[in-house]
Every structure is written in structure tokens, then in C-alpha cells.
Amino acid sequence: MRAGTAAAAIAEAADGAAGVGVGVGTTAGPHGAAVVAEGFGLKGPRGWVFRDVRLDVRPGGILAVEGASGTGRTCLLLALTGRMRPTAGFAEIDGLRVPRAMAAVRRISALGPVAGVSELDPALTVTEHLRERALLRRRFDTSLGGSLRALLRPRAERAADARSRTDDALAAAGLDLADLPKGGRTAVRDLERLEALRLGVALALIGRPRLLAVDDLDLKLSDAERAAAWDLLRSVAAGGTTVVAVCGQAPAGIATVRPADAPRVADRTTDRTTGPKADPTADTTTGKETADALAETGRA
């Protein structure tokens with residue numbers, strides 16, 4: 001992993017270490033987190049990054065944060081996962097209110113690759129990424145009553161748990177190492193864009209989160225690959241995990257919110273976005289404000 005994001009990876013593992021008892025892809029019923037927001041917004045020194053966002057997403061649902069690059073999409077994604085502090089309104093993730101309970105929200109959510117925050121290291125192999133994430137999760141694991149207790153388990157038991165989590169995550173992400181050019185020894189720089197996306201999702205799912213957040217889902221994907229990416233997220237959601245994904249344009253049937261056009265409502269019943277368009281003369285997001293907010297999160 002890149003040096004600039006190593007600390008973020010450690011924090012991600014530490015915050016997300018409180019495991020959930022339901023495994024990835026199980027059918028025991030939704031274990032995902034409900035996502036609710038009202039008047040949710042973030043204002044920086046140059047103006048609003050996003051504002052007046054209203055959400056109501058059921059556990060195990062999918063929400064698309066839709067719009068052009070620079071419209072506050074990624075900042076909204078990070079705020080909903082407790083990784084960027086909002087300045088207006090509130091969001092509740094499984095009843096945990098942001099910004100008051102941001103640390104608790106981080107423990108039940110996980111990020112796919114986000115540039116400058118949790119991106120993949122192109123120099124590392126797929127296996128190295130998987131091994132690193134498993135080691136970090138084990139080091140900061142609190143799901144068994146604390147990291148010390150987890151570390152005191154027999155080595156064979158720890159190894160079996162790591163293999164099980166990794167295999168489950170790879171299966172849920174649809175990534176078969178045998179299909180890669182050099183198997184697990186394939187460097188990230190040699191992965192196709194869709195393969196890299198699947199790897200990022202698999203790494204996030206190792207911690208068995210209740211909320212999965214994916215940035216730039218459809219970036220540099222062909223129409224066929226874009227359809228495959230959405231099928232992947234539908235599969236993860238069908239396993240019970242709530243999914244929030246940033247994209248340029250979501251397919252029909254996916255609940256959407258557009259930060260640039262807030263206030264809008266992603267409705268859990270109809271899976272359609274409703275609400276008035278924003279006043280085009282109002283103080284809205286610019287790419288500079290979004291960049292400032294992301295830079296601040298990266299430094300944090």
C-alpha cells in the first residue's frame with residue numbers, strides 16, 4: 001500500500017475491526033445498516049460541498065450518489081461512513097448519528113478504493129494486499145473481546161479464520177485469482193479496471209461490514225463492465241450488506257441522490273429519487289471546495 005495511505009489503511013482496520021457475526025453473502029436476513037439523513041451538508045471556507053441531502057435507505061439496500069466529478073459525491077460518501085465531518089443536519093447509520101458517533105459508524109462500515117484515502121498500491125500484488133488487510137484486521141480485532149484475546153488464539157485457528165474471511169470476501173466480490181494473469185502474484189498495476197474494483201470490494205468485505213462504500217464505480221468502464229459492476233453491488237446487497245456507491249449515472253431501479261441538486265430524497269419504498277431541483281443561482285459545490293474537503297480528510 002502506498003506510504004501516503006498506509007495510515008489510512010491502519011485506521012480503517014482499527015475502526016472496522018469490530019466484526020459482525022453474519023458472514024459475507026449469507027442469507028440469514030439483512031444485517032446491513034439503515035441509512036437516514038436530513039438536511040445533511042458540508043460547508044467549507046469557499047462554500048458548500050454538498051447540502052440539504054435527505055436519505056432513507058433500508059438495510060441491505062443500494063444508494064447511488066450520482067453526478068459529475070467535483071460535485072461533492074465522494075465527500076458525501078465519506079461523511080456517510082463517518083470519515084468526514086459534516087457541518088449541517090445529521091445522518092443516522094444503523095441508528096448511530098453523524099457527526100456525534102462517527103467512530104462507531106467507521107466500525108460498521110468499510111471503504112472500497114478512494115483516491116488519497118484508501119487506494120490500492122499499484123506495486124503490491126493481489127495476494128500482498130489480501131494478506132496485509134487480513135493481518136491488519138487481526139491486529140485490531142475487537143470482535144472477540146479485544147485484540148489481546150484474538151492474538152492469544154491458537155495460530156492454526158487464526159489462520160483458518162483469515163482464510164475463511166478472505167475466501168468469503170473474494171467470492172462475494174466475484175474475483176477468482178486463477179483468472180488473473182499471474183494468479184495472486186499479479187501486481188495491481190496489471191489489473192484491469194473491473195478487476196481492481198473487485199479487489200477493492202473484496203478487501204473491504206474482509207471485515208464483514210454492515211455498510212460498504214464504493215467510490216467512482218463506473219470510472220473508465222465499458223458498458224458491459226459497468227453492468228457487471230452494478231451486478232456485483234446488487235449481489236453484495238442481496239447478501240444483506242447496505243451499499244453506497246458513487247457513480248456518473250446509475251441504472252434504472254437504483255435509488256439515487258445527486259449532491260449538486262439537493263434537496264432530493266432517495267426513497268426506500270419506490271427506489272426513485274424525488275424532490276425539487278436546486279436553484280441554479282444558489283451557492284453550490286465547486287471542484288475546488290470538494291478538493292479542499294478531500295485534502296483535509298487525507299491529512300486527518
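Remember, it's a predicted structure, so these values are computed and weren't measured experimentally.
Side-chain contact between Asp121 and Val188 is absent, with no heavy atoms from C-beta onward closer than 4.5 Å. In this structure, Leu199 and Leu130 have side chains that are in contact, with non-hydrogen atoms separated by less than 4.5 Å. With a 4.5 Å cut-off on side-chain heavy atoms, Leu180 and Leu175 count as touching. Within the 4.5 Å cutoff, no side-chain heavy atoms of Glu157 are placed close to those of Asp161. Proximity of Arg83 to Arg106: side-chain heavy atoms (C-beta onward) are separated by under 4.5 Å at one or more points. Residues Leu55 and Val257 have side chains in contact (heavy-atom distance under 4.5 Å, counting atoms from C-beta outward). Contact of the Pro99 side chain with the Pro86 side chain is registered, since non-hydrogen atoms from C-beta on lie closer than 4.5 Å. Leu233 is listed as a side-chain neighbour of Val214, based on a closest heavy-atom distance under 4.5 Å.
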Step by step, work out the side chain to side chain contact (heavy atoms under 4.5 Å, CB included) result for Phe40 and Arg54.
-> CA-CA 7 Å; Phe40 202 47; Arg54 299 170 58 201; over 6 Å; no

List the steps, then state whether side chain to side chain contact (heavy atoms under 4.5 Å, CB included) holds for His129 with Leu203.
-> CA-CA 8 Å; His129 271 289; Leu203 292 172; 4.2 Å; yes

Begin from the C-alpha positions of Leu212 and Val201 and carry the test side chain to side chain contact (heavy atoms under 4.5 Å, CB included) through to its verdict.
-> CA-CA 8 Å; Leu212 170 67; Val201 170; 4.0 Å; yes

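In terms of heavy atoms, Pro59 sits closest to Gly32 at CB-O, 3.3 Å. Counting all heavy atoms, side chain and backbone alike, Trp48 lies closest to Leu42 at CE3-O, 3.5 Å. In terms of heavy atoms, Asp218 sits closest to Gly248 at OD2-N, 2.9 Å. For Leu80 against Val105, the heavy-atom pair with the smallest separation is O-CG1, 3.7 Å. Among all heavy-atom pairs drawn from Ala172 and Val236, the shortest one is O-CG2, 4.1 Å. Across every non-hydrogen atom of Ala79 and Val98, the tightest pair is O-CG1, 3.8 Å.
For the residue pair Thr71 and Arg258, no side-chain donor N or O sits within less than 3.5 Å of a side-chain acceptor on the partner.
Using a 4.0 Å cut-off between charged nitrogen and carboxylate oxygen, Arg226 and Asp223 count as a salt-bridge pair. Taking a cutoff of 4.0 Å between a charged side-chain nitrogen and a carboxylate oxygen, Asp168 and Arg208 qualify as a salt bridge.
Here Ile254 contributes atom CD1 and Leu63 contributes atom CG; the two are 9.5 Å apart, rounded to the nearest 0.5 Å. Taken to the nearest 0.5 Å, the CG atom of Leu78 stands 14.0 Å off from the CZ atom of Arg85. Considering CG of Leu120 and CZ of Arg189, their distance stands at 12.5 Å, rounded to 0.5 Å.
Between the side chain of Thr242 and the backbone N or O of Gly60 there is at least one donor-acceptor pair closer than 3.5 Å. Using modelled atom types, no side-chain atom of Asp94 and backbone atom of Leu96 make a donor-acceptor pair closer than 3.5 Å. In this structure, Ser109 contributes its side chain and Leu211 its backbone to no donor-acceptor pair below 3.5 Å. Arg210 places no side-chain N or O within donor-acceptor distance of the main-chain N or O of Ala33, the cut-off being under 3.5 Å. In this structure, Thr125 contributes its side chain and Arg185 its backbone to no donor-acceptor pair below 3.5 Å. Panel note: side chain Glu66, backbone Ala250; a donor-acceptor pair is recorded below 3.5 Å. A donor-acceptor pair is defined here as one N or O able to donate and one able to accept, closer than 3.5 Å; such a pair exists between the side chain of Thr186 and the backbone of Lys182. Formation of a donor-acceptor pair under 3.5 Å by the Ser118 side chain with backbone atoms of Val114 is found in this model. Of the possible donor and acceptor atoms, none in the side chain of Arg73 sits under 3.5 Å from a partner among the backbone N and O of Val246.
Remark: Asp231 pairs with Arg234 by the side-chain contact (heavy atoms from CB on, under 4.5 Å) rule, at least two apart or across chains.
For the side chain to side chain contact (heavy atoms under 4.5 Å, CB included) test with Val65, the passing option among Val53, Thr74, Leu76 is Leu76; the others fail.
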Sequence neighbours excluded and cut-off under 3.5 Å, please list the side-chain donor-acceptor pairs for residues 190-198, or say none.
residue	atom	partner	partner atom	Å
Arg193	NE	Leu219	O	2.9
Arg193	NH2	Asp216	O	2.4
Glu195	OE1	Glu192	N	2.9
Arg198	NH1	Ala173	O	2.9

